Amino acid sequence: MSSAAPSISMKAVVHDRYGPPDVLRVEDVPVPSPARNQVLVEVAATSINLSDWEGLTGSPGYARIGGRRAPRRRILGSDIAGRVASVGSAVTRFRVGDEVYGDNLGLMGGFAEYAVAPESALAHKPQELTFAQASTLPQAGAIASQGTARAQRGQRVLINGAGGGSGTFAIQLAKLSGAHVTAVDNAGKLDYMRELGADEVVDYRIQDFTRLEPYNLVLDLVAHRSVFAYRRALVRGGRYYCVGGTVRTLLRIVTIGAVASLLTGRRMGLLIVKEGPAHFQPLAERCLAGDVRIHIDRTFALHEVPQALAHLGEGRALGKVVVTP
Ligand SMILES: NC(=O)c1ccc[n+]([C@@H]2O[C@H](COP(=O)([O-])OP(=O)(O)OC[C@H]3O[C@@H](n4cnc5c(N)ncnc54)[C@H](OP(=O)(O)O)[C@@H]3O)[C@@H](O)[C@H]2O)c1
């Protein structure tokens with residue numbers, strides 16, 4: 001292992017049980033050491049995803065996989081950006097001092113001064129992006145890119161949960177493809193979604209999008225309706241992709257949805273998002289080209305992680321929230 005000899009302990013935000021943000025506390029913990037194929041990153045920024053909120057609260061149920069009673073990972077935070085502090089013996093693409101970013105969903109650990117991540121999860125950070133900007137891209141960018149990959153000129157595309165991190169990118173990417181975009185979220189986010197380019201906006205607390213007109217493509221970031229409602233929301237030949245939501249809804253989509261897809265000519269399924277640089281670097285290039293805008297709603301310090309998570313979990317965040325240790 002080559003090393004920049006980071007100090008032996010570091011500040012981290014930890015939790016030992018599922019619950020609201022006040023189960024989190026700042027603790028001094030050992031700096032992790034990278035295994036053969038891992039990189040130790042001195043974290044400069046970590047963006048928050050809904051998956052962090054789910055890991056904190058243990059809900060929906062899939063957030064407890066590998067840790068039914070107590071969290072599997074004490075330190076949350078997966079979308080990291082920072083400098084390489086040391087590398088494992090088998091690492092070939094990075095050296096101490098390199099600026100990197102990536103989605104560390106498997107190991108988490110970003111709400112800390114240092115985090116270890118597999119080499120395969122990381123990419124070199126473009127110089128033109130700040131650490132905070134780069135940290136917004138990996139998970140939300142991969143979801144948005146894969147979720148809108150089939151959007152085409154002239155089609156009607158609906159994005160449910162469009163005012164959050166992934167939705168911010170998904171609206172812009174769907175518009176760039178030439179589609180007509182309807183964005184659904186709470187009333188406080190409607191103007192924001194219009195500014196991002198949405199042609200129509202819907203307040204989910206007032207209107208049920210499955211009772212509007214049918215769409216060619218629906219990307220659902222927060223699914224909780226019945227398969228029949230989603231079928232109703234699609235034109236014949238249309239596709240519904242669910243990325244996150246209640247376990248009950250996800251199970252129904254993979255079972256009843258699969259059968260309904262065969263019978264009705266409308267495809268419904270889960271989008272299992274592929275991770276890694278190949279899936280977020282193209283979006284970074286579009287940001288550098290000026291085609292896609294990165295919107296950081298607020299930045300918080302490490303000891304403010306509970307407030308940062310509450311800001312997202314209580315539905316106040318427009319786009320991305322970033323923690324800078
Ligand atoms: N499939 C995979 O492989 C994979 C991988 C990683 C992550 N994920 C999932 O992908 C999703 C990504 O979310 P994100 O990080 O973009 O989340 P986010 O930033 O929290 O955005 C979600 C948005 O949905 C809104 N919302 C909540 N309930 C709603 C409803 N009933 N109808 C419409 N909108 C609603 C939220 O607004 P409010 O403020 O009103 O709550 C928020 O603006 C998560 O569900 C995560 O678990 C999936």
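Values in this document were obtained by computation on a predicted structure and should not be read as measured data. The analysis underlying the following values was restricted to heavy atoms, covering all of them including side chains, and did not include hydrogens, waters or symmetry mates. Every number for a ligand or one of its atoms is a count from 1 in the order of the listing. FYI, the numbering just counts along the sequence from 1.
Residue contacts with ligand 1, taken as heavy atom pairs separated by less than 4.0 Å, involve L50 via backbone and side-chain atoms alike.
In this structure, the side chain of D208 engages the main chain of T210 through a donor-acceptor pair within 3.5 Å.
Residue contacts with ligand 1: R316 is placed with no nitrogen or oxygen under 3.5 Å of a nitrogen or oxygen of the ligand (distance criterion only).
Applying the side chain to side chain donor-acceptor pair (under 3.5 Å) rule to pairs touching residues 265-278 yields nothing, sequence neighbours excluded.
Protein heavy atom in closest approach to atom 39 (O) of ligand 1: G315 CA, 2.5 Å. Among all non-hydrogen protein atoms, the one lying nearest atom 21 (O) of ligand 1 is G164 CA, 3.3 Å. Scanning all protein heavy atoms for the shortest distance to atom 1 (N) of ligand 1 gives L271 O, 2.8 Å.
Nearest-residue assignment for atom 31 (N) of ligand 1 (options K274, H224, K320; heavy-atom criterion): H224. Selection from Y241, F169, Y204 by nearest heavy atom to atom 27 (C) of ligand 1 gives Y204. Of the listed options A317, G161, S166, G161 places a heavy atom closest to atom 24 (O) of ligand 1. Closest heavy-atom approach to atom 8 (N) of ligand 1 within the set V184, V243, L318, I272: this belongs to V243.
Aromatic ring pairs are classed by plane angle as parallel below 30°, tilted from 30° to 60° and perpendicular above 60°; the pair Y240 and Y230 is parallel.
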